[in-house]
Amino acid sequence: MACAPAPGPAGGKPPWLRIRLNTGPNYREVHRLIDGLRLHTVCQEARCPNIYECWDDRTATFMILGDICTRRCGFCAVATGRPGAVDPEEPRHVAEAVRHLGLKHAVITSVDRDDLADGGADHFGAVVRAVRGLNPGCDVEILTPDFRGVARPLEAILPAGPAVFSHNIETVPRLYSTARIGSSFERSLDLLRAARAWKGGADRPILKTGVMVGLGETTDELRAVFATLADAGIEILTIGQYLRPTVQHLPVQRYYPPEEFALLRDQALRSGFRHVEAGPLVRSSYHARRHTDAARAAS
């Protein structure tokens, strides 16, 4: 089945990427809560296009370990530089925010912290324990960096009991040298494999990763990545359109139309994932609870 050609980047964003700006009472309440507890969200720092929908639905993805990243990925809007000290009160503040919002599924991510000896692994574990302790009915999903140079970081995180362990592959191996400077496809894959091999028994978390399209990858490269990830035991895959945050970031090579995302979803499902979420505005934490419920139902 052939897909209609997408409008080129020079012509601006295509109509299927238009979003509704909803800054109603729920949006404003979430904004006040985040500010009041001195928290960060990836919704803000990464300029997520779904922030208005998610915050109006009283959900947010909490970004821990500060808002300054030690890497400079070519696609990411999060600021790069020298991070500040880790806030020891952050686990409690995140747990309080989850309770206030009444979340049944909380997503927690972070910047890269190559300046820390453990890459922030201990802090991740502390946040998960705090959220679960104050919100026993809430599933905690974590989206971690690759912990470059850290030996066995998962030993500080997985015993805390996250329901979902996620680490985004982001793109195909060929594009890592420009899109993920300082990272490697094999290191990210090894982290996901380590989570799969963790000896937690029935408490092993569901495994998840995400891929962007529009950076110049080929269909064959995507199929190969899907097969590699499925063979590694990853259960949930998200596929979304790369959107250029600023002119300083990598340009969009092309926009994929919705029907092509449907084809990618079918191809990925045939590779063996339990659940695949694919669409122009899909991000790894967008409708995250739905992803987890679908993966559990398919097990």
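Put simply, the side chain of Arg180 never gets that close to the backbone of Glu170: no donor and acceptor are under 3.5 Å apart. The backbone N or O of Gly120 lies less than 3.5 Å from a partner atom in the side chain of Asp118, making a donor-acceptor pair. For the pair Glu217 (side chain) and Pro173 (backbone), a donor-acceptor distance under 3.5 Å is absent. Using modelled atom types, one side-chain atom of Glu235 and one backbone atom of Leu207 make a donor-acceptor pair closer than 3.5 Å. A donor-acceptor pair is defined here as one N or O able to donate and one able to accept, closer than 3.5 Å; no such pair exists between the side chain of Arg99 and the backbone of Leu134. Distance alone, capped at 3.5 Å, is enough to place a donor-acceptor pair between the Asn168 side chain and the Gly210 backbone. Within the 3.5 Å criterion, the main-chain N or O of Ala95 finds a donor-acceptor partner in the side chain of Asn135.
Two residues are said to be in side-chain contact when any heavy atoms from C-beta on lie closer than 4.5 Å; Ile239 and Tyr256 fail this criterion. No side-chain heavy atom of Leu250 sits under 4.5 Å from any side-chain heavy atom of Cys73. You'll find the side chain of His167 reaches within 4.5 Å of the side chain of Ser188, heavy atoms only. Side-chain contact between Thr61 and Leu143: absent, with no pair of heavy atoms (C-beta onward) separated by less than 4.5 Å. A heavy-atom distance below 4.5 Å is found between the side chains of Thr171 and Tyr176. Residues Pro91 and Arg129 are not in side-chain contact: their nearest non-hydrogen atoms beyond the backbone lie 4.5 Å or more apart. In this structure, the side chains of Ile64 and Thr109 stay at 4.5 Å or more apart for every pair of heavy atoms. Contact of the Thr292 side chain with the Arg296 side chain is registered, since non-hydrogen atoms from C-beta on lie closer than 4.5 Å.
Between the side chains of Thr218 and Arg174, no donor-acceptor pair of N or O atoms lies under 3.5 Å.
Going from atom NZ of Lys13 over to atom CD of Gln241 covers 9.5 Å, rounded to the nearest 0.5 Å. Once rounded to the nearest 0.5 Å, the distance linking NE2 of His275 with CG of Leu269 reads 8.5 Å. Between the CG atom in Asp112 and the OG1 atom in Thr144 there is a gap of 9.0 Å [rounded to 0.5 Å]. Atom CZ of Arg223 is separated from atom CD of Gln267 by 4.5 Å, given to the nearest 0.5 angstrom. One distance of note links CG of Leu192 with CG of Leu229; it measures 7.0 Å at 0.5 Å rounding. Considering CZ of Phe165 and OG1 of Thr209, their distance stands at 9.5 Å, rounded to 0.5 Å.
Applying the side chain to side chain contact (heavy atoms under 4.5 Å, CB included) test between Phe62 and each of Val127, Val131, Leu103 identifies Leu103 as the sole match. The only member of Arg290, Arg283, Arg289 that meets side chain to side chain donor-acceptor pair (under 3.5 Å) when paired with His287 is Arg290.
Scanning all heavy atoms of the two residues, the minimum distance from Ile142 to Val128 falls at CG2-CG2, 3.6 Å. When all heavy atoms of Val111 and Gly66 are compared, the closest pair comes out as CG1-O, 3.8 Å. Here the shortest heavy-atom pairing between Arg244 and Val252 reads N-CG2, 3.8 Å. Considering all non-hydrogen atoms of both residues, Ala227 and Ser271 come closest at N-OG, 4.0 Å. Nearest heavy atom pair, residue Ile234 against residue Phe273, reads O-CD2, 3.3 Å. Scanning both residues, Lys208 and Thr238, for their nearest heavy atoms gives CE-CG2, 4.0 Å.
Cluster membership for Leu175 and Leu237, using ILVMFWY side-chain heavy atoms within less than 4.5 angstrom, is shared. No continuous path of ILVMFWY side-chain contacts below 4.5 Å connects Ile236 to Val276, so the two sit in separate hydrophobic clusters. When the side chains of ILVMFWY residues are joined at heavy-atom separations under 4.5 Å, either directly or via intervening members, Ile68 and Phe124 end up in two distinct hydrophobic clusters. Connection of Leu281 to Val213 is established within a shared hydrophobic cluster, with ILVMFWY side chains joined at heavy-atom distances below 4.5 Å, either directly or through further cluster members. Under the 4.5 Å side-chain heavy-atom criterion for Ile, Leu, Val, Met, Phe, Trp and Tyr, Val164 and Leu191 are members of distinct hydrophobic clusters.
In this structure, Asp115 does not pair ionically with Arg82, as no charged nitrogen and carboxylate oxygen lie closer than 4.0 Å. In summary, Asp146 and Arg71 engage in a salt bridge, as defined by a charged side-chain N under 4.0 Å from a carboxylate O. Here Asp190 pairs with Arg193 in a salt bridge; the nearest charged N to carboxylate O distance falls below 4.0 Å.
Atom CZ of Arg132 is surrounded by 12 or fewer heavy atoms from other residues, nucleotides or ligands within 6.0 Å.
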Exercise. Does the pair His105 and Asp293 meet the rule for a side-chain contact (heavy atoms from CB on, under 4.5 Å), with working shown?
Worked result: CA-CA 10 Å; His105 190 105; Asp293 289 346; over 6 Å; no
Exercise. Does the pair Leu65 and Leu116 meet the rule for a side-chain contact (heavy atoms from CB on, under 4.5 Å), with working shown?
Worked result: CA-CA 10 Å; Leu65 292 164; Leu116 301 176; 4.2 Å; yes
Exercise. Where do Val211 and Tyr242 land on the side-chain contact (heavy atoms from CB on, under 4.5 Å) test, with the steps shown first?
Worked result: CA-CA 9 Å; Val211 174; Tyr242 166 62; over 6 Å; no
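Remark: Arg265 fails to qualify as a cation-pi partner of Phe261 under the 6.0 Å distance and 45° angle criteria applied to the six-membered ring.
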